[in-house]
2 protein chains.
Amino acid sequence: MKSQALKGHLDLLLLAILAEGPAHGYAVIEALGVRSDGEFDLPEGTVYPALHRLEKAGLLGSEWSVVGGRRRRTYAISTQGRAALTEQASAWDRFSSAVARVIGDHSANGEPSWA
Amino acid sequence: MKSQALKGHLDLLLLAILAEGPAHGYAVIEALGVRSDGEFDLPEGTVYPALHRLEKAGLLGSEWSVVGGRRRRTYAISTQGRAALTEQASAWDRFSSAVARVIGDHSANGEPSWA
DNA sequence: ATCTACACCTAGAAATACTAGGTGTCAACC
DNA sequence: GGTTGACACCTAGTATTTCTAGGTGTAGAT
């Protein structure tokens, strides 16, 4: 817990989207927007470098293609990526319920600890 | 949403702890550990600068004292800080439920979008 | 005397996410 | 024929956050 207890969660989101099937970067951004009901409208400058990072880490593979005259780089999750997804999803569960415990429970208003 | 959609959540945690009553830095770290059931065991180098930042931003006030021969800096949340807490708590709710929507729902496995 | 817990601090490194540009294709519209 | 907007990719540099790795000093117990 001492190590990066408050890490970012973008990798988890990207892996989750790609766990449903291969997609290219632009489609990943749109899927995140749709699946989050508009909460996530991530700039390309955030997502593309992250995809590159995940590919370099072996969690994704990619392939170029041309569709309708436009080139696309389609990413697919790897076995390692699925393992990372499982791990990060459970880390998210722990993290988010810990946050809930901290911010909820505003009832225990007895003596302040500093007396 | 386009702007810092994935911000860190430390400020929220600190404000939530201090909303229950004033406390000094070391006590805040311990309270976070206890309230999160050990999930958050944050290094001092993470927490102290964050408290300074929040004070500079006007969300906290602080006062020095000496207890048992040891000097302490006790922080208290300000009115602005309470407003920020309310705002950040609801941002957290939106954020965490959006994450849940993205990583849950692994059933819709129809045609991949890339055809 | 030394060690641990308490209690504070900072500088610099590492990582993350964003801004702000850039390239090029295609379809629609004027 | 020219512009505009959606599609689709990219990177360099910046801002911010968080962590590492030290440092100082008091008090109490061994």
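So you know, we letter chains A, B, ... as the sequences are listed, proteins then strands, and number each from 1.
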Value in whole Å for how far the [atom2] atom of [N] lies from [atom1] of [X]:
X	N	atom1	atom2	answer
A:L51	D:dC9	CG	P	9 Å
B:L12	D:dT17	CG	P	14 Å
A:D41	C:dT19	CG	C1'	15 Å
A:L54	C:dA15	CG	P	14 Å
B:L10	D:dT17	CG	C1'	9 Å
A:L13	C:dA17	CG	C1'	13 Å
A:R72	C:dT25	CZ	C1'	12 Å
A:F95	D:dT18	CZ	C1'	12 Å

Looking only at heavy atoms, which two atoms of [X] and [Y] are closest? And how far apart?
X	Y	value
B:G58	B:Q80	O-CB, 3.7 Å
A:A23	A:V28	CB-CG2, 4.0 Å
B:G61	B:E55	C-OE2, 3.9 Å

Task: Side chain to side chain, A:P49 and A:R53, heavy atoms closer than 4.5 Å - done: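 A side-chain contact under 4.5 Å is absent here.
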Open item on the list: Between B:L15 and B:L60, does the side-chain contact (heavy atoms from CB on, under 4.5 Å) criterion hold? Intermediate values first, please.
Closed with: CA-CA 8 Å; B:L15 292 171; B:L60 303 178; 4.0 Å; yes
Protein N or O to nucleotides 9-13 of chain C N or O, pairs below 3.5 Å:
| from | atom 1 | to | atom 2 | distance (Å) |
| --- | --- | --- | --- | --- |
| C:dC9 | OP1 | B:H52 | NE2 | 3.3 |
| C:dC9 | OP1 | B:R73 | NH1 | 2.6 |
| C:dC9 | OP2 | B:H52 | NE2 | 3.2 |
| C:dC9 | N4 | B:E44 | OE1 | 3.4 |

Task: CG-CG distance between B:L54 and B:L18, expressed to the nearest 0.5 angstrom - done: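 Result: 8.5 Å between the selected atoms.
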Open item on the list: If you assign each of A:R70 and A:A50 to its closest nucleotide in DNA chain C, which residue comes earlier from the 5' end?
Closed with: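 Per heavy-atom nearest nucleotide, the more 5' residue is A:A50.
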- [ ] Please confirm whether the backbone N or O of B:S65 pairs with a side-chain atom of B:R72, one donor and one acceptor, at under 3.5 Å?
- [x]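 Pair absent, no side-chain N/O of B:R72 close to backbone of B:S65.
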Open item on the list: Check whether A:S78 reaches the backbone of A:L59 with its side chain - one donor and one acceptor, N or O, closer than 3.5 Å.
Closed with: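 Looks like yes, one N/O pair under 3.5 Å.
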- [ ] Using the six-membered ring wherever Trp is involved, compare the ring planes of B:Y75 and B:H52 and label them parallel, tilted or perpendicular (cut-offs 30° and 60°).
- [x]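 Ring orientation, 0 to 90° scale: tilted.
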Open item on the list: Nearest to the B:R53 side chain among D:dT18, C:dC8, D:dC7, which nucleotide is it?
Closed with: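 So the nucleotide nearest the side chain must be D:dT18.
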TODO: Report the nucleotide, chosen from D:dT20, D:dA8, D:dT26, that has the shortest atom-to-atom distance to any side-chain atom of A:H24.
DONE: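 Closest of the options to the side chain of A:H24: D:dA8.
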TODO: Treat a base pair as Watson-Crick or G-U wobble with both distances under 3.5 Å, then lay out DNA chain D in dot-bracket form, 5' to 3', with | for cross-strand pairs.
DONE: ||||||||||||||||||||||||||||||
